Amino acid sequence: MKLLTLNFLTCARKTCKSLPAAFPLHPKDAELEVVETDFNAPFLRNILGRLEWDALKTLCMELGLPNLPPSAPEPEALLEPGAEMAELELERELEPTQTARDLHNLLLETGIKEGKLVCGNCGHEYAVKEGIANFLLPSHLV
Amino acid sequence: MLPTPSTSHVSFDRVYEPAEDSFLLLDTISSASETAWLHQRFFENENLETTPAPLILEVGTGSGIVLAFVTANAQAILGRREVLTLGADINYFACQATKKTVDTTIAEIPPMSNTNLSTGKFLDVVNCDLTSPIRPNSVDVLIFNPPYVPTEELPDLDNHLKYNVPQDTLSFDQESHLLALSYAGGSLGMEVTERLLSQLPSVLSSERGIAYILLCAQNKPEEVKARIQTWGMGWRAEIAGSSGKKGGWEKLCILRIWRGG
Ligand SMILES: [Zn+2]
């Protein structure tokens, strides 16, 4: 499951669901996988506003991934004017910055293949198998 | 719109096979009148450069045919680029099937086939009960083809954890249980739908949230619609599409539920 998906998930127990401590879920014994996808700058720009940046920072730290900057990048920080093309002097292509490439790799290409997701409030562990997280609970925990 | 996604790889002895209800959902959500409504909802007074990408959640994806179609046609349906899609199903085998259906559908779109309309970004499918692990206030469009057939009882959820285990060969009881989850709706065929309805006010985005829910005649759709309109807080419901007219009665219909104008 993609790391971006974790931005939309919390503990499935009713008593946890809306509590701040239940988000983000904490990965445990996670085996990561990287699946390449096409870079899409407009897409990144449009998901910036949906990201819980602090949760994402926590996630990176817990997965042993490179630290994220303290706050989310501004949309303008995703693209920069690239090299001027020699033949067509007026044409300048916008190129993704390193920040944009890192974010693309983190959110859309990096995923948890196997492992567990742990609720920070109740401690319940949800298994992830073949990239599918299982949030089903025995009836006494619902 | 792109064609109907292929689900030929799915084992229909453990996952719901697309039927008239699935096709009514596809037809309704991609109809001219509905896309016009959605385009206005997601376009109006919004600066496309800055509004966050909408999240579409399908609950009970089954084979994945609806989620794959909506992902492939995201821009044609919502009228904007950069749409996220997510699936949820209580049946692990349905989760696996959905993932494959969506990934294959997206991979097989020939370049330039869709007049440059962009596809949505498919996130994942999670194995869960309705919207239980979805963060409150996060879903912009929720789609639900529920188990709507009136039945004496609901499948025993205490057996579910035991039956919902990844494996190649399933027992008859296991397959019957998994299929019953896809159609058995209990009293009036509404027991599961009622639970989903009660989750809508918290799971849908307070600004943009919309839900499409399929109902059959025995579910008494007009009564469901009238009841939603008594929720207050600007909640509204309309019948957005229907099929199977028999003697003046619509067999199936799609209810659109939303807040505001
Ligand atoms: Zn919890």
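Reminder, nothing fancy here: chain letters follow the sequence lines and each chain counts from 1. What you see is a predicted model, and the numbers here were worked out from it, not measured in a lab.
Remark: side-chain polar atoms of K14(A) are not paired, donor with acceptor, to backbone N or O of S132(B) under 3.5 angstrom. With hydrogens and angles disregarded, no donor-acceptor distance shorter than 3.5 Å links the side chain of R135(B) to the backbone of P24(A).
For P138(A), the parts sitting under 4.5 Å from any heavy atom of chain B are the backbone and the side chain alike. Heavy-atom distances place no part of L157(B) under 4.5 Å from chain A, backbone and side chain included. L57(B) does not touch chain A: none of its heavy atoms, backbone or side chain, sits under 4.5 Å away. The contact between V126(B) and chain A is made by backbone and side chain atoms together, counting heavy-atom distances below 4.5 Å. For L137(A), the part lying under 4.5 angstrom from a heavy atom of chain B is the backbone only.
Surrounding CD of E152(B) are at most 12 heavy atoms belonging to other residues, nucleotides or ligands under 6.0 Å away. Summarising the local packing, CG of D38(A) is surrounded by 12 or fewer heavy atoms from other residues, nucleotides or ligands at distances under 6.0 Å. More than 12 heavy-atom neighbours from other residues, nucleotides or ligands sit within 6.0 angstrom of NZ on K57(A).
Residues of residues 2-13 of chain A placed with any heavy atom under 4.5 Å of a heavy atom in chain B are listed by number as K2(A), L4(A), T5(A), N7(A), F8(A), L9(A), T10(A), C11(A), A12(A). Residues of residues 86-100 of chain B that come within less than 4.5 angstrom of chain A, heavy atom to heavy atom, are L86(B), I90(B), Y92(B), C95(B), Q96(B), K99(B) in numerical order. Scanning residues 198-207 of chain B against chain A with a 4.5 Å heavy-atom cutoff picks out nothing at all.
Closest of all the heavy-atom pairs between P52(B) and R50(A) is CB-CG, 3.3 Å. For the residue pair K17(A) and T131(B), the shortest heavy atom distance occurs at NZ-O, 3.0 Å.
The distance from atom CZ of R81(B) to atom CG of N46(A), rounded to the nearest 0.5 Å, is 10.0 Å. For the atom pair CG of L55(B) and CD1 of I47(A), the computed distance is 11.5 Å after rounding to the nearest 0.5 Å. In this structure, the separation between CG on N137(B) and OG on S18(A) is 12.0 Å, given to the nearest 0.5 Å. How far CE of M1(A) is from CG of L123(B): 9.0 Å, rounded to the nearest 0.5 Å. With rounding to the nearest 0.5 Å, the separation of CZ in F43(A) from NZ in K121(B) is 6.5 Å.
Within the structure, salt bridge (Lys or Arg N to Asp or Glu O under 4.0 Å) contacts touching residues 98-120 of chain A (residues at least two apart or in different chains) are D29(A)-K116(A).
Options D158(B), V125(B), D129(B), L84(B) differ in how many heavy-atom pairs under 4.5 Å they form with chain A, and the most are formed by L84(B). Of the listed residues (P54(B), P136(B), C128(B), P166(B)), the one with the most heavy-atom contacts under 4.5 Å to chain A is C128(B).
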